[in-house]
Amino acid sequence: QPIILLIDIKTNASKTYFTLNQLLEKYKSVLTIYENGIITNGAITIVLTGNKPYDNIKNENKRFAFIDDNLLNLNTENKTAIFLMASTKYSNLMKWKGRGVLPKEQKQKLIDLVNLAHQQGKKVRLWTSPENTVVWEELLNCGVDLINTDELVKFKQFLIQPRK
């Protein structure tokens, strides 16, 4: 699997993407590339999030970056050539903080969104989730592919322990 390098654009999307694209050209030999409708996997896949340059990306026939879709606004149209990932802030989807049982309706909504994203060939990422192993375990059980965390040591220990 390629390494996913997530770049969070905080400023003007078009201007930042133009500058970034010039830099990415230098590394094209190791990057996942979209060219004329075909995705060729490289060692590193660039995914843009934050202030996303959607119009720039959708109009390019060749590029070295993709966009992080909004998990809550997935539609049935598969735009894998643009979006390789779908994400949302944890609290936009879930209210459960890891105490007690994950409410059935929240779990089912997450599973449904994960399944839809996976059907479209997208990895799923939740950010700003509660920093605890109970939540991480449930997210993985529901099929979430990527979990953002600031607790890297704790998360590493969680990942290397045998799964339930």
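Because the structure is predicted, anything quoted here is derived from the model rather than measured.
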S.K.: Going hydrophobic residue to hydrophobic residue with side-chain gaps under 4.5 angstrom, can you get from Leu5 over to Ile82?
M.R.: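 Same hydrophobic cluster.
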S.K.: With a 4.5 Å heavy-atom cut-off, do Asn61 and Glu35 have their side chains touching?
M.R.: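 No, every pair of side-chain atoms sits at 4.5 Å or beyond.
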S.K.: Kindly give the heavy-atom pair with the smallest separation between Ile67 and Tyr54, and that separation in Å.
M.R.: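 Closest heavy-atom pair between Ile67 and Tyr54: CD1-CA, 3.5 Å.
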S.K.: Verify whether one side chain among Asn56 and Ser14 offers a donor that lies under 3.5 Å from an acceptor in the other.
M.R.: yes
S.K.: With a 4.5 Å limit on heavy-atom distance, are the side chains of Asp145 and Arg125 in contact?
M.R.: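 No; the side chains remain at least 4.5 Å from each other.
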S.K.: Do any pairs count as a side-chain hydrogen bond (donor to acceptor under 3.5 Å, both in side chains) and have a residue in residues 90-101, sequence neighbours left out, and if so which ones?
M.R.: Thr88-Asn92
S.K.: Rounded to the nearest 0.5 Å, what separation is found between the CG atom of Asn21 and the OG1 atom of Thr19?
M.R.: 9.5 Å
S.K.: Tell me, with the steps shown, if Leu110 and Val144 meet side chain to side chain contact (heavy atoms under 4.5 Å, CB included).
M.R.: CA-CA 9 Å; Leu110 176 58; Val144 172; 4.0 Å; yes
S.K.: Would one find more than 12 heavy atoms of other residues, nucleotides or ligands at under 6.0 Å from atom CD1 of Ile3?
M.R.: no
S.K.: Quick check for you: to the nearest 0.5 Å, what is the distance between Thr128 atom OG1 and Asp150 atom CG?
M.R.: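 One gets 8.5 Å once the value is rounded to the nearest 0.5 Å.
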S.K.: Looking at Lys15, I want to see if its NZ is surrounded by more than 12 non-hydrogen atoms of other residues, nucleotides or ligands under 6.0 Å.
M.R.: no
S.K.: What residues form a side-chain hydrogen bond (donor to acceptor under 3.5 Å, both in side chains) with Glu25, not counting sequence neighbours?
M.R.: Lys28
S.K.: Give a yes or no on whether Asn59 atom CG has more than 12 heavy-atom contacts from other residues, nucleotides or ligands under 6.0 Å away.
M.R.: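 Check passes, neighbour count above 12.
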S.K.: What distance do Thr40 atom OG1 and Ile38 atom CD1 have between them, rounded to the nearest 0.5 Å?
M.R.: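 One gets 6.5 Å once the value is rounded to the nearest 0.5 Å.
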S.K.: Taking C-beta and beyond as the side chain, do Ile7 and Ile46 meet within less than 4.5 Å on heavy atoms?
M.R.: yes
S.K.: Same cluster or not: are Ile9 and Leu6 linked, directly or through other Ile, Leu, Val, Met, Phe, Trp or Tyr residues, by side-chain heavy atoms under 4.5 angstrom apart?
M.R.: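 Different hydrophobic clusters.
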S.K.: Does a donor on one side chain sit under 3.5 Å from an acceptor on the other, for Asp112 and Gln108?
M.R.: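 On atom types as modelled, these side chains qualify, holding a pair under 3.5 Å.
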S.K.: Does any part of the side chain of Trp136, heavy atoms only, come nearer than 4.5 Å to the side chain of Leu126, both counted from C-beta?
M.R.: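 A side-chain contact under 4.5 Å is absent here.
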S.K.: Report yes if the side chains of Leu93 and Leu113 come closer than 4.5 Å at any heavy-atom pair, otherwise no.
M.R.: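 The answer is yes; the side chains approach within 4.5 Å.
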S.K.: Might you work through the side chain to side chain contact (heavy atoms under 4.5 Å, CB included) test for Leu140 and Val135, ending with a clear yes or no?
M.R.: CA-CA 9 Å; Leu140 293 179; Val135 170; over 6 Å; no
S.K.: Looking at Lys154 and Glu131, would you say the former's side chain and the latter's main chain have a donor-acceptor pair under 3.5 Å?
M.R.: yes
S.K.: Run the numbers on Leu71 and Ser87 for side chain to side chain contact (heavy atoms under 4.5 Å, CB included), then give the verdict.
M.R.: CA-CA 5 Å; Leu71 183 64; Ser87 71; 5.5 Å; no
S.K.: Checking side chain to side chain contact (heavy atoms under 4.5 Å, CB included) for the pair Asn51/Thr16: CA distance, chi angles, key distance, verdict?
M.R.: CA-CA 9 Å; Asn51 196 6; Thr16 302; over 6 Å; no
S.K.: Linking I/L/V/M/F/W/Y whenever any side-chain heavy atoms sit under 4.5 Å apart, do Phe155 and Met94 land together?
M.R.: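 Looking at the clustering, Met94 is in the same group as Phe155.
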S.K.: From Thr149 OG1 over to Trp127 CH2, what is the distance, rounded to the nearest 0.5 angstrom?
M.R.: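 Reported to 0.5 Å precision, the distance equals 14.5 Å.
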S.K.: So which atom in Tyr34 and which in Ile39 form the shortest heavy-atom distance, rounded to 0.1 Å?
M.R.: CD1-CG1, 4.0 Å
S.K.: Decide whether Val47 and Val30 are clustered together by the hydrophobic rule: side chain heavy atoms of Ile, Leu, Val, Met, Phe, Trp, Tyr closer than 4.5 Å, transitively.
M.R.: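 No, Val47 does not connect to Val30 through the hydrophobic network.
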S.K.: Just verifying a value: how many Å separate Phe64 CZ and Leu20 CG, rounded to the nearest 0.5 Å?
M.R.: 11.0 Å
S.K.: Could you check whether Tyr17 and Glu60, counting side-chain N and O atoms only, form a donor-acceptor pair closer than 3.5 Å?
M.R.: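 Note: Glu60 and Tyr17 side chains meet the donor-acceptor criterion.
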S.K.: Show which residues join Val153 in its hydrophobic cluster (side-chain heavy-atom contacts under 4.5 Å, direct or indirect), or state none.
M.R.: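 Same cluster as Val153: nobody, lone residue.
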S.K.: Within the side chain of Thr45, is there an N or O that forms a donor-acceptor pair under 3.5 Å with the backbone of Thr32?
M.R.: no
S.K.: Identify the heavy atoms of Asp68 and Phe83 that sit nearest to each other, and give their distance.
M.R.: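 In this case the closest contact between Asp68 and Phe83 is C-CD2, 4.0 Å.
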S.K.: Are any non-hydrogen side-chain atoms of Leu146 and Met85 less than 4.5 angstrom apart?
M.R.: yes
S.K.: Val114 and Cys142: which non-hydrogen atoms are nearest, and at how many Å?
M.R.: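 Shortest heavy-atom contact: CG1-O, 3.5 Å.
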S.K.: Mind listing the closest non-hydrogen atom pair of Ala86 and Leu74 along with its distance?
M.R.: CB-CD2, 4.0 Å
S.K.: Supply the atom-to-atom distance Ser129 OG to Lys89 NZ, rounded to the nearest 0.5 angstrom.
M.R.: 11.5 Å
S.K.: With hydrophobic residues grouped by side-chain heavy-atom distances under 4.5 Å, do Tyr27 and Ile57 end up in a single group?
M.R.: yes
S.K.: Lys52 and Leu48: which non-hydrogen atoms are nearest, and at how many Å?
M.R.: CG-O, 4.1 Å
